[in-house]
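Keep in mind it's a predicted model, so treat the numbers as computed, not measured. The sequence lines fix the lettering, A, B, ..., with proteins before strands; numbering per chain opens at 1.
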Amino acid sequence: MSVTFKIKQAASTAIKELYQVDIAPSGVLVNATNPEFEGDYTVVLFAFIKQLKKSPEVLGNEIGGWLVQQHPSMFSSFNIIKGFLNLVIADAYWVNFLQEQHSNHKFGIKEHTGKKLMVEYSSPNTNKPLHLGHLRNNFLGWSVAEIYKTNGYDTVKTCIVNDRGVHICKSMIAWQMFGNGATPQSTNTKGDHFVGDYYVKFNDAYKLEVEQLIAAGKTKEEAEKQAPIMKATQQMLLDWEAGNPAVIELWKEMNSWVYSGFDVTYKTIGSDFDKTYYESNTYLLGKKIVAEGLTKGVFTQEEDNSVWIDLTNDGLDKKIVQRKDGTSVYITQDIGLAEQKFEEYGCDKSIYVIGDEQNYHMKVLKLICQKLQLPSADGIEHLSYGMVELPTGKMKSREGTVVDADDIVNEMITISKQRTEELGKVKDFSEDELKNLYTTIGLGALKFFLLRVDPKKKMIFNPEESIDFHGFTGPFVQYTYARIKSVLRKLEDVGSGNLEVDFNNHSLLKLEKDVIITLEQFPTVIEEAAQENDPSKIAIYVFNLAKTFNSFYVEHAIAKAENEEKKILRTSLATLTASVIKTAMHLLGIAVPERM
RNA sequence: GGUCUGGUAGCUCAGUUGGAUAGAGCAACAGCCUUCUAAGCUGUGGGUCAUUGGUUCGAAUCCAAUCCGGAUCACCA
């Protein structure tokens, strides 16, 4: 149980005992004490003065006095400034906390709750390679799943691959026209990039044809419709849907190239999935649900046989759920897939990691599922994230301003190699160890950078300046970890004592206490991160912890502490800090090196 | 136009259900390595929290209006 919650409880009890008034613990506001005043945590009294008809001073003295008297092991003293009751937590309390947790490698990790979470993330198209925006998606999805795992959930990570449709056919047509039988192997190109190149070639050829048609007197609209390459593409989609063997064969082959490319990228960045759904298998889903919805009266059928739902009473629009030819539309497929997922896994909650341009779609999806009273409905949550933009604006593939995922990952690894070599601290590492270290640091920097920002907000990526290895970054936290481990290794050599020293009357130094207070907040932060589907809470926390520890580290010696008692205390402090950093970074998908 | 969303230091971002003099990092400037890893630490400067009004003991936070961005409003996925 967290300190702040204990304070809330104690204050609630105090008010009940002193004034016979019921105030729930959650109704007590507890903040960290402002650094200029004495105290660790502060109870804000303003909310109670009206109800209890006492001045803040009297109230503070009575509650503060009661707390110190009733819980001497927790509160050592108090003071009142205006309506703020500042509480000093007893050093013995903090020391006790440290003694209990210092060797607990699972500090902050909760027991299994039996609840199940599904996270759908990544969801690539198979016509081009991944870019920076996909990385944000992948890192968020993986991290959120891990955060829930730590909160006691069983998790299922899924991916829906958008493997069919016009965009795929574009790459296929371009390959038929310009490929001359080339393959990723024959050109020594990564499969997803290989196919992506033909997607670009398609667009170039299409643009040219449209220009020629316009020059021949067509309107822009006519030209776009009549361009031969576009007509061929649409014909190919029809052939695909009709099951034309040659088209299906080509489609399978080109997709397999893309998957082999994706596999490499996923392996590097650490994305993995328990279940992959393919849209080519799910795009016909939902018909049964439409039929059920019609009998339930949730949907209505028009004269042309198309089926609709009217959401105007919910502040939304009318939505089509089935075309007049009886085929499903996007939203219907999603409803069908939601049901299929629920039937297969029965998760309590299902988080969709999807860009914020689909906010409306996701709102409609959940609402329709609720109206249909599908069991999956209430568990649907949209983890909506903002776009990654460049200083010059949005990334546009046409203008060549897309930051390719493989490129940026490689660049980060290269930079981390340079920095590491400049510093020259790991010259004794083997080739493999060095390679691992560069990857750990490079990916750490990239993941931390993309996860440290509130997912809901769009973010700006400046290739020159954004990637830094100092300050609020992954490598800063990794470095703090490596430095602690270095100290601990030295302590092992000389043999450190255990915690059997009597700390009852031990008084903590300011910087020691700062670290312990921060450590104690970790479990609460993990809970908040899950509640809000927000890994940035973890990133901000772990940076703050590393910073606080570093301030302590430069000021006070651990291995060469003033006396044995201090040495043991600080060793356990460092041990727990390292452990929390490791756990927290893991929640972000970031590894921590023993040395760097 | 309707709906949603954002505007905080030169730049990138924090800021819990309203709480004390609005915080970090980067950049700038000034310091700290014969002592546990300087990818570190300490300090300085830097703000009309878009604007205006309202709610109250108290507003960056809540409400209203205005200004400026972005997303969305497909029988595409």
Under 4.0 Å, counting only non-hydrogen atoms across every strand here, what does [X] touch: a base, just sugar-phosphate, or nothing?
{"X": "A:Thr420", "result": "base"}
{"X": "A:Glu279", "result": "sugar-phosphate"}
{"X": "A:Val453", "result": "sugar-phosphate"}
{"X": "A:Asp304", "result": "base"}
{"X": "A:Asn462", "result": "nothing"}

Side-chain donor-acceptor pairs of residues 41-52 of chain A under 3.5 Å, sequence neighbours excluded:
residue, atom, partner, partner atom, Å
A:Tyr41, OH, A:Gln521, NE2, 3.3
A:Thr42, OG1, A:Thr33, OG1, 2.7
A:Thr42, OG1, A:Asn86, OD1, 2.7

Measuring to OP1 and OP2 of [N], would you say a side-chain N or O of [X] lies under 4.0 angstrom away?
{"X": "A:Asn550", "N": "B:C41", "value": "yes"}
{"X": "A:His470", "N": "B:C26", "value": "no"}
{"X": "A:Lys547", "N": "B:G25", "value": "yes"}
{"X": "A:Lys537", "N": "B:G15", "value": "yes"}
{"X": "A:Lys490", "N": "B:U37", "value": "yes"}
{"X": "A:Ser551", "N": "B:U42", "value": "yes"}

Of the listed nucleotides ([options]), which one gets closest to any side-chain atom of [X]?
{"X": "A:Thr33", "options": "B:U17, B:C57, B:A20", "value": "B:A20"}
{"X": "A:Lys50", "options": "B:A20, B:C57, B:U16", "value": "B:C57"}
{"X": "A:Phe476", "options": "B:U17, B:G6, B:C41", "value": "B:C41"}
{"X": "A:Asp468", "options": "B:C26, B:A38, B:U12", "value": "B:C26"}
{"X": "A:Glu357", "options": "B:U72, B:C4, B:C36", "value": "B:U72"}
{"X": "A:Arg483", "options": "B:U72, B:G40, B:C75", "value": "B:G40"}
{"X": "A:Thr42", "options": "B:A20, B:G19, B:U37", "value": "B:A20"}

Distance-only side-chain donor-acceptor flag, [X] / [Y], under 3.5 Å:
{"X": "A:Tyr481", "Y": "A:Glu594", "answer": "yes"}
{"X": "A:Thr548", "Y": "A:Asp514", "answer": "no"}
{"X": "A:Thr473", "Y": "A:Asp468", "answer": "no"}
{"X": "A:Asp334", "Y": "A:His361", "answer": "yes"}

Are [X] and [N] stacked, counting the six-membered base ring, centres under 5.5 Å, planes under 30°?
{"X": "A:Phe543", "N": "B:A24", "answer": "no"}
{"X": "A:Tyr479", "N": "B:G40", "answer": "no"}
{"X": "A:Phe472", "N": "B:A24", "answer": "no"}

Take A:Arg595 and A:Phe37, find for each the nucleotide of RNA chain B with the closest heavy atom, and name the residue whose nucleotide sits nearer the 5' end.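 Its nucleotide being nearer the 5' end, the pick is A:Phe37.
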Would you name the heavy atoms of [X] and [Y] that are closest together and state the gap between them?
{"X": "A:Met596", "Y": "A:Pro475", "value": "CE-O, 3.9 Å"}
{"X": "A:Ala574", "Y": "A:Leu488", "value": "CB-CD2, 4.4 Å"}
{"X": "A:Ile80", "Y": "A:Gly60", "value": "CD1-C, 3.3 Å"}

Describe, in one word, how the ring planes of A:His134 and A:His131 are oriented to each other, choosing from parallel (under 30°), tilted (30 to 60°) and perpendicular (over 60°).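 The arrangement is tilted - the two ring planes meet at 30° to 60°.
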Syn or anti for B:C33, with syn set at within 90° of 0?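 Base orientation: syn.
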Classify the side chain of A:Asn86 and the base of B:A20 as holding, or not holding, a donor-acceptor pair under 3.5 Å.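 Check passes, donor-acceptor contact within cut-off.
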Taking Watson-Crick and G-U wobble contacts under 3.5 angstrom, with | marking pairs to another strand and [ ] crossing pairs, the secondary structure of RNA chain B is written (((((((..((((.....[...)))).(((((.......))))).....(((((..]....))))))))))))....
Strand contacts (RNA chain B) in residues 312-320 of chain A, 4.0 angstrom heavy-atom criterion: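 Output list: A:Asp317, A:Ile320.
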Does the distance from a Lys or Arg side-chain N to an Asp or Glu carboxylate O, for A:Asp454 and A:Lys457, drop under 4.0 Å?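 Salt bridge absent between A:Asp454 and A:Lys457.
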Between the side chain of A:Asn137 and the main-chain N/O of A:Val353, is any donor-acceptor distance below 3.5 Å?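 Yes; at least one donor-acceptor contact below 3.5 Å.
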